[in-house]
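Input: a single structure, listed below in structure tokens.
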2 protein chains.
Amino acid sequence: MNIGTAAKKSGLSVKTVRFYSNIGLISPDKSSDSNYRIYSNQDVEKLLFVGKARKFDFSIEECRELLSLYENKDRPSSEVKKITLKKIKEIEHRMSELDSLRTELKRVSKNCHGDQRPDCPIIGFLAEKNRN
Amino acid sequence: MNIGTAAKKSGLSVKTVRFYSNIGLISPDKSSDSNYRIYSNQDVEKLLFVGKARKFDFSIEECRELLSLYENKDRPSSEVKKITLKKIKEIEHRMSELDSLRTELKRVSKNCHGDQRPDCPIIGFLAEKNRN
DNA sequence: TCTTGACCTTCCACTTACGGGAGACTTTAT
DNA sequence: ATAAAGTCTCCCGTAAGTGGAAGGTCAAGA
């Protein structure tokens, strides 16, 4: 099938699928006469796989790694688990960062009247010089 | 003061300070003979302000807006509050996304032995075709 | 057969918020 | 005087694509 069909089946955009082809993540065959990319059902499986991994915040390089593990039937599951646990750690780290931000922003915005008066503790907070 | 001093005082890198100058976020005077940027104490205040806002996940464009509110003594506090509440919403949205990711990744990784055997439910999960 | 329109190709520029480095110039220190 | 440090502009790179231009390919209709 052509790239448009593969894109539709995988739920990705044509641009994205072509991008994955260009970076060698998922390399379809190419028709020698028309130069069109030709996707197999297996390729579509891989596109779906990567699409899902991307949704789960794995980077392209991580996807590349996961994909090779996915293709290698003898890989030890510990490899996969390692990547996943690392990702969980990253997510939790980012979540705790965001949590502090939210807490702080909530704190300062609670004291802001949010009316026509120019007096604003949020601005004051951002302008505060804190020694660190 | 020169850019290096301003950078040190604001805790930003020279590159970053120059970047802010280039995009017109914080525009110092320029020495007419040496072409060096000359930062005032007020400029440093602005750099600190922006540095802090950036840490709190405000984008450059949001910083630009906050900065103009910071400089405009007559602005209504409602403007500032609006931007802040929007940011809080964004943070909370991202947090809930990350929370689902984490939950799902934890779920699938719990069932993975993580040993030498190739059998891996994480890969299986990523390869699953879910209809949506 | 010709043409139209949909699809495909490559290539380039743009996005965010900078960081790295080249090569040239200015200032400061020895 | 000279060396070192600081600064300047300019260009390239990042991640993961998106958008567009110019051109090639294919199937269908007149």
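Residue numbers begin at 1 in each chain, while the letters A, B, ... track the order of the sequences. What you see is a predicted model; the values in this text were computed from it and never measured.
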Partners meeting salt bridge (Lys or Arg N to Asp or Glu O under 4.0 Å) with A:K81 (sequence neighbours left out): none
Five-pair end axes of the helix from C:dT1-D:dA30 to C:dT30-D:dA1, angle between them (10°): 30°
Residues within residues 89-98 of chain B bordering DNA chain D, heavy-atom distance below 4.0 Å: none
C:dG19 OP1/OP2 closer than 4.0 Å to side-chain N/O of B:S13: yes
side-chain contact (heavy atoms from CB on, under 4.5 Å) involving A:N41 - partner list, sequence neighbours excluded: A:M1, A:K9
Side-chain H-bond candidate by donor/acceptor type, B:D43 with B:S40, under 3.5 Å: yes
C:dC18 OP1/OP2 closer than 4.0 Å to side-chain N/O of B:Y20: yes
Which pairs of donor and acceptor atoms, one on a side chain in residues 23-32 of chain B, lie under 3.5 Å apart (sequence neighbours left out)?
from  : atom 1 : to    : atom 2 : distance (Å)
B:S31 : OG     : B:D33 : OD1    : 2.7
B:S31 : OG     : B:S34 : N      : 3.2
B:S31 : OG     : B:S34 : OG     : 3.1

Sugar-phosphate or base contact per nucleotide [nucleotides 4-9 of chain D; S, B, -; heavy atom under 4.0 Å]: --BSSB
Distance in angstrom units between B:M1 CE and C:dT27 P, rounded: 18 Å
Check: A:N2/A:T5 side-chain N/O donor and acceptor closer than 3.5 Å: no
Pair B:D57 + B:K89, salt bridge at N-O below 4.0 Å: no
Non-neighbouring partners of A:S78 that pass side-chain hydrogen bond (donor to acceptor under 3.5 Å, both in side chains), sequence neighbours left out: none
Nearest-Å distance for atom pair CD1/P, residues B:I26 and C:dA17: 14 Å
Stretch residues 58-69 of chain B: residues that reach within less than 4.0 Å of DNA chain D through a heavy atom: none
Separation of D:dT18 P from A:I23 CD1 (nearest whole Å): 12 Å
N/O (side chain, B:R54) to phosphate O (OP1/OP2, C:dC18) under 4.0 Å: yes
For A:R107, all residues meeting side-chain hydrogen bond (donor to acceptor under 3.5 Å, both in side chains), sequence neighbours excluded: A:E104
ring-ring contact (aromatic ring centres under 6.0 Å, His included): pairs with one or both residues in residues 71-93 of chain A, sequence neighbours excluded: none
Contacts of A:E92 that satisfy side-chain contact (heavy atoms from CB on, under 4.5 Å) - sequence neighbours left out: A:I88, B:R102, B:K106
Flag if over 12 foreign heavy atoms under 6.0 Å of CD, A:E90: yes
Atom-pair distance (CZ on B:F19; C1' on C:dG21), nearest Å: 18 Å
Pairs meeting criterion ring-ring contact (aromatic ring centres under 6.0 Å, His included) with involvement of residues 21-50 of chain B, two or more places apart: B:F49-B:Y70
Row check, A:F125 ring normal vs B:K52 NZ/CZ: under 6.0 Å, within 45°: yes
